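This report concerns only the one structure given below.
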There are 2 protein chains.
Amino acid sequence: MPKAQASKRPLKAPPPPSRRSPCPVSCALDLFGDRWTLLIIRDLMLGRSRFKDFVSSPEGIPTNILSDRLERLLEAGIVRQIPTTEGGKRMAYELTEKGEALRPVMKSIRDWGLTWEPDTKAVMQQS
Amino acid sequence: MPKAQASKRPLKAPPPPSRRSPCPVSCALDLFGDRWTLLIIRDLMLGRSRFKDFVSSPEGIPTNILSDRLERLLEAGIVRQIPTTEGGKRMAYELTEKGEALRPVMKSIRDWGLTWEPDTKAVMQQS
DNA sequence: GTAAAATACTTGCAAAACACAAGTGATACA
DNA sequence: TGTATCACTTGTGTTTTGCAAGTATTTTAC
């Protein structure tokens, strides 16, 4: 039973666990190539930061999937946990620099969807 | 038992089958939010066009998955079938305008992978 | 201080998707 | 004409997913 945590990781590049190929696209898809991960990152880019925020997004992510994806994103160094502003023990999530670097990816996907998928509406503001 | 074919579809935008939300990112991920579809599109952008080409890519896509994804991409209007140059009856695949429009998405993902994933090497040329 | 609500998960299970191997007809080619 | 290639399909176990329900902390209300 894996536990969700932001554990210490080597500061240097960890050896890639099991890649399908050295292609950067393939490696990127190993991290966020599924139907949910980029939606969590979208929410983070919109300023949402709490478990309940992700759950209440209109797509309705199952909570077990959300737990798993947050854990993977923490391991990948794309998000990190921070204490909530009230100083309580509950944690919020936010994008690391590596995660923020996905904004061009998000923007290109959003733009493609707006152009080619009928009846889509952008929730995200530019850039 | 679904058969792979490029059947007639309404020329106007078909009603979206079952979307999770009207978000363009969500809708885009409904089409290519998995670990294989964008790799097929990558190969198409590299000039590969035949079933065997996709199979022989280093990631090793299973043939049943490839059949399924090609069928979905045809349905989505992202790829089309064309006769091979030799004039035989075998078909090749190529990107439609809608598919070509994914180049900025591919480029942003590749750039992110090159920057943030260690030991990745670009196979694709710029643009 | 205690009860109730909210939060952040985990667990269990059926259904779907996936990976892998093995076919199957059609071409292409010698 | 025979062999190899191609573009699939089928069958099989395994993994992942979706959904409901449960649990253990935290906050909030009183």
Side-chain angles (χ1 to χ4, degrees), chain A residues 1-7 17-21 26 29-40 43-44 48-74 79-94, chain B residues 1-7 17-21 26 29-40 43-44 48-74 79-94:
Chain A
M1 51 197 74
K3 303 197 66 181
Q5 55 167 353
S7 60
S18 61
R19 284 177 167 170
R20 294 178 288 177
S21 84
S26 165
L29 293 178
D30 286 339
L31 295 179
F32 55 78
D34 72 282
R35 287 205 334 291
W36 294 111
T37 301
L38 278 177
L39 295 183
I40 298 170
D43 286 350
L44 286 163
R48 299 173 189 143
S49 62
R50 303 290 295 273
F51 195 92
K52 68 171 192 297
D53 298 330
F54 309 133
V55 169
S56 61
S57 275
E59 291 84 11
I61 185 171
T63 55
N64 55 345
I65 305 284
L66 176 56
S67 289
D68 178 77
R69 294 305 187 272
L70 286 172
E71 191 179 342
R72 291 192 201 187
L73 288 170
L74 286 168
V79 309
R80 66 170 154 254
Q81 284 179 310
I82 52 166
T84 54
T85 48
E86 301 89 29
K89 284 183 184 163
R90 290 198 179 164
M91 289 293 168
Y93 299 90
E94 69 176 14
Chain B
M1 52 198 76
K3 304 197 65 180
Q5 55 168 352
S7 59
S18 61
R19 285 176 166 172
R20 294 178 288 175
S21 83
S26 166
L29 293 178
D30 286 338
L31 295 180
F32 54 77
D34 71 280
R35 288 206 331 293
W36 293 113
T37 302
L38 278 177
L39 295 183
I40 298 170
D43 286 350
L44 287 162
R48 298 174 190 145
S49 62
R50 304 288 297 273
F51 195 91
K52 67 171 193 298
D53 299 329
F54 308 133
V55 169
S56 60
S57 276
E59 291 86 10
I61 185 171
T63 55
N64 54 348
I65 304 283
L66 176 56
S67 290
D68 177 77
R69 295 304 188 274
L70 286 171
E71 192 179 341
R72 290 193 201 187
L73 287 170
L74 287 168
V79 309
R80 64 168 155 256
Q81 285 179 308
I82 52 166
T84 53
T85 48
E86 301 89 30
K89 283 183 184 164
R90 290 192 180 166
M91 288 293 168
Y93 299 89
E94 68 175 15

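If you're wondering where the values come from, they're calculated on a predicted model, not measured in any experiment. Here is the naming used below: chain letters follow the sequence lines, and residue numbers restart at 1 for every chain.
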Would you list the protein and nucleotides 4-6 of chain C atom pairs, both N or O, that sit under 3.5 Å from each other?
none

Heavy-atom check, side chain of Arg50(B) versus side chain of Tyr93(B), under 4.5 Å | no
Check: dT10(C) base within 3.5 Å donor-acceptor of Ser67(A) side chain = no
Quantified as the angle between the terminal helix axes (five pairs each), what is the overall bend of the helix from dG1(C)-dC30(D) to dA30(C)-dT1(D) to 10 degrees?
-> 30°
Tyr93(B) vs dC6(D): side-chain N/O to OP1/OP2 distance below 4.0 Å | no
Which residues pass the side-chain hydrogen bond (donor to acceptor under 3.5 Å, both in side chains) test with Asp30(A), sequence neighbours left out?
-> Arg20(A)
What is the distance from CG of Leu74(B) to C1' of dC8(D), rounded to the nearest Å?
-> 14 Å
Output a table of nitrogen or oxygen pairs between the protein and nucleotides 14-17 of chain D separated by less than 3.5 Å.
unit_1: dT17(D); atom_1: OP1; unit_2: Arg69(A); atom_2: NH2; d: 2.6
unit_1: dT17(D); atom_1: OP2; unit_2: Arg69(A); atom_2: NH2; d: 3.3

By side chain to side chain contact (heavy atoms under 4.5 Å, CB included) - contacts of Ser56(A) (at least two apart) | none
Heavy-atom side-chain contact between Leu44(A) and Phe54(A) under 4.5 Å | yes
Residue set satisfying salt bridge (Lys or Arg N to Asp or Glu O under 4.0 Å) with Asp53(B), at least two apart, ordered chain then number -> none
Rounded to whole Å, the CG-C1' distance (Asp30(B) to dA17(C)) equals 15 Å
What are the two closest non-hydrogen atoms of Val55(A) and Ile61(A), and how far apart are they?
-> CA-CG2, 4.2 Å
Partners of Asn64(A) by side-chain hydrogen bond (donor to acceptor under 3.5 Å, both in side chains), sequence neighbours excluded?
-> none
Sequence neighbours left out, what passes side-chain hydrogen bond (donor to acceptor under 3.5 Å, both in side chains) with Ser49(B)? Give chain and number order.
-> none
Could you tell me the separation between the CD1 atom of Ile61(B) and the C1' atom of dA21(C), rounded to a whole number of Å?
-> 16 Å
Whole-Å gap separating P (dC18(C)) and CG (Leu39(B)) | 13 Å
By salt bridge (Lys or Arg N to Asp or Glu O under 4.0 Å), Arg35(B) pairs with (sequence neighbours left out) none
Sorted by chain and residue number, the side chain to side chain contact (heavy atoms under 4.5 Å, CB included) partners of Arg72(A) (sequence neighbours excluded) come out as Asp68(A), Arg69(A)
Leu66(B) CG - dA7(D) P separation (whole Å) | 10 Å
Residues in side-chain hydrogen bond (donor to acceptor under 3.5 Å, both in side chains) contact with Arg48(A), at least two apart in sequence or another chain = Asp43(A), Ser57(A)
Hey, is the side chain of Arg50(B) poking within less than 4.0 Å of OP1 or OP2 on dA7(D), counting only N and O atoms?
-> yes
How many Å lie between CG on Asp53(A) and P on dT7(C), as a whole number?
-> 9 Å
Taking CD from Glu71(B) and P from dT9(D), how many angstroms apart are they, rounded to a whole number?
-> 7 Å
